[in-house]
Structures are given as C-alpha cells and as structure tokens.
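Comments concern the structure below.
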Amino acid sequence: MSGLPGHVACVMDGNGRWAEQRSLPRTAGHRAAEAAVIEVIETAYAVGIPWLSLFAFSTENWRRPGGEVGFLMRLVQRSVRKHAMSLHARGIRCRFLGDSDARIPASLAGDIADLVTLTRANTRMTLTVAFDHGGRRDIVSAARSLIRDKVPAERVTEETFARHLPHPDTPDVDLVIRTSGEQRISNFMLWQVAYAEWMFPEVLWPDFRAAHLWECLDAYRRRERRFGDVHLPTTTRKG
Ligand code: IPE
Ligand code: IPE
Ligand code: MG
C-alpha cells in the first residue's frame, strides 16, 4: 500500500466513557482497552508501519484517583509480562517514552526495563509506549541536556535540540489518531507532532478496531501535506 505514514501515534482516549456508558467502573474501560491496543499493534505490523507510538499514561494522569492510577499500573505490568515474548517473536522493538517517576512501582519499572532490553535489537517495527509522558517535560529535559553538555547558544539549532530529546532517533509523527472525539493535544509528543496530520474518530478507544485504523490510513493518503509550501504538482516544480 503506497502513501502509508511512517510514524503513527495514537492518543488512546475514551476508556472511562466506554465504561460509564455501560454503568461499569472506569477501570473496566481500561481493561477493555487492551483488545484495541493489541489489534492496532497487529494491524500496523501487518501493514508495515515502521513506527507506532501509543499514549498510555500522561504526566497529568497522576492527578487521577489513587485507585484508578494503581489499576493502570497493574494493567500495564500485566500486559508487559503477557505480551513480551510475542512482541519479541515478531521482531518488534519496544521502547518507553517517559521519566522513570519514583511513583512507578519498582517491579513495573523492572519489567519495562526487561522488555526494552529483550527487544532492543529488533528491527521490524518500533513500538513506543508513552508512559508517564509529557511533551513539555521532554522539551525541558532536552534543554537541560544541552546546558549540561555546554553546547554554545549559537550551536543550538532545531537539529541539535532534537538530538537531545529522549529517543532522538524517533522520526516526526506523520499521523496522530485521537479517539473519543476529543480534539486536543494533551501534552503529547509536542516536538514530534509539529507537522503531523490529525484525525479524531468519534469511536471510544476500547471499540477501536483494525477497520478504524484502515479508515484513518485511507484518509491520510488523501490528505495533502504541504509543510508550509504552496500546492504544486511535483512535475511542474522547478528548483
Ligand atoms: C484514556 O481514557 C486512558 C488514559 C488516560 C489512561 P480515559 O480514562 O481518559 O477515558 P475518558 O476520557 O475519561 O473517557
Ligand atoms: C490523554 O488523555 C492521555 C492518554 C490518552 C494516556 P486524557 O484523557 O488524560 O486527556 P485530557 O485530560 O482529556 O486532556
Ligand atoms: Mg480521557
């Protein structure tokens, strides 16, 4: 399939509303989200998308009630343990984007580190899980790193700055899909989404399936990306 995005990122939103619609606790929505996560990874993998990023927990999500946060931590830990071998068997390199906040349980941090180490040499696809992630925090961390490295002000360009971000080899995001109809960035990969195409399907994340991803990919192919330029058919462009 031509015209595929090289880097797709999903803001997996709507778990709580999915549960509320069924008169279930919000945690039931998070549990139901796992099926969507697996289907999106499988589909992106099958289609041949080389970079997939999933927003699983934001720096702001620590504001949620302790019970919900604890549930999410346990859920992520269970998923990491359950799917580590199958992700590795498929040649998927797994990464986590986010600080190792002291509030993350040590055993979960250990399982995450094991998964990253296990899959670090894989090359078929890179799956980045944005977990305890904040776009602004990443930008601040790059600024700190430049200062620590004593990079002179005149040598700070967009390129050098980007090299100081966490996981600096991550390419710009081409397509962001935010489910549930909410239309905001919520501090997600701020640097990397600068020129991304955005899609806001109304479907709640636990109901997101391969067909929804296909629709987004299809719509992406029909978008015209200009990057600030004017529209010109490539055949007529001179110099
Ligand atoms: C997204 O679903 C999951 C996380 C933020 C962890 P929400 O929990 O935000 O669901 P809504 O937005 O309340 O429906
Ligand atoms: C963004 O969703 C974070 C994740 C999907 C993990 P939120 O539901 O936390 O964002 P807001 O609060 O609606 O902006
Ligand atoms: Mg939400």
Side-chain angles (χ1 to χ4, degrees), residues 7-41 44 51-83 94-101 103-105 108-109 111-112 115 127-140 166-167 170 173 175-194 196-209 212-213 216:
H7 187 176
V8 175
C10 298
V11 180
M12 311 187 288
D13 200 11
N15 300 351
R17 277 162 283 166
W18 185 94
E20 280 155 22
Q21 284 175 1
R22 289 160 180 76
S23 304
L24 295 169
R26 292 176 53 83
T27 48
H30 298 314
R31 196 181 289 118
E34 190 183 10
V37 172
I38 291 166
E39 194 150 329
V40 164
I41 296 171
W51 294 81
L52 175 67
S53 298
L54 301 176
F55 199 6
F57 193 86
S58 73
T59 49
E60 291 75 26
N61 288 148
W62 291 109
R63 296 179 185 146
R64 296 189 178 200
E68 181 171 342
V69 170
F71 184 89
L72 285 166
M73 295 295 142
R74 289 191 294 280
L75 188 69
V76 170
Q77 182 158 27
R78 258 202 316 274
S79 297
V80 165
R81 287 184 178 173
K82 188 164 139 199
H83 300 295
C94 299
R95 288 174 164 183
F96 284 74
L97 178 65
D99 263 8
S100 320
D101 195 295
R103 290 172 287 188
I104 293 175
L108 169 55
D111 287 339
I112 287 173
L115 176 62
L127 171 67
T128 302
V129 181
F131 181 70
D132 191 12
H133 161 74
R136 284 185 173 176
R137 190 167 64 182
D138 284 356
I139 290 170
V140 169
H167 301 314
T170 305
V173 176
L175 168 62
V176 185
I177 302 166
R178 181 167 187 154
T179 55
S180 87
E182 302 292 354
Q183 302 191 1
R184 53 179 168 266
I185 298 186
S186 299
N187 201 16
F188 180 54
M189 295 182 87
L190 294 180
W191 182 275
Q192 297 87 346
V193 301
E197 296 295 319
W198 285 77
M199 299 201 186
F200 302 102
E202 291 289 330
V203 60
L204 302 173
W205 179 260
D207 291 328
F208 195 80
R209 288 295 175 272
H212 299 108
L213 180 57
C216 292

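Because the structure is predicted, anything quoted here is derived from the model rather than measured. We're numbering straight along the sequence, starting at 1. Atom set for the values below is all heavy atoms of this structure, side chains included, hydrogens, waters and symmetry mates excluded. Counting starts at 1 for both ligands and their atoms, in listed order.
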Quick check against the 3.5 Å criterion: does [X] have a side-chain atom that pairs as donor or acceptor with the backbone of [Y]?
| X | Y | result |
| --- | --- | --- |
| R178 | R184 | yes |
| H30 | N15 | no |
| H7 | V176 | no |
| D111 | L108 | no |

Salt bridge (charged side-chain N to carboxylate O under 4.0 Å, His left out) contacts touching residues 23-33 (sequence neighbours left out):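 Qualifying pairs, neighbours excluded: E20-R26, R26-E68.
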
Any side-chain heavy atom of [X] sitting closer than 4.5 Å to one from [Y]?
| X | Y | result |
| --- | --- | --- |
| V11 | T179 | no |
| F131 | L72 | no |
| V173 | W51 | no |
| D138 | L97 | yes |

Residue part near ligand 2, for H133, under 4.0 Å between non-hydrogen atoms: neither

Ring pair (Phe, Tyr, Trp, His ring centres under 6.0 Å) against H83, all qualifying residues, sequence neighbours excluded: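 None.
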
Atom-level proximity to ligand 1, residues with heavy atom under 4.0 Å: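 Answer by chain and number: M12, D13, G14, N15, G16, R17, R26, H30, A56, N61, R64, L72.
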
Closer than 2.8 Å to the Mg ion (ligand 3) - protein N, O or S atoms, ordered by chain and residue number: D13 OD1

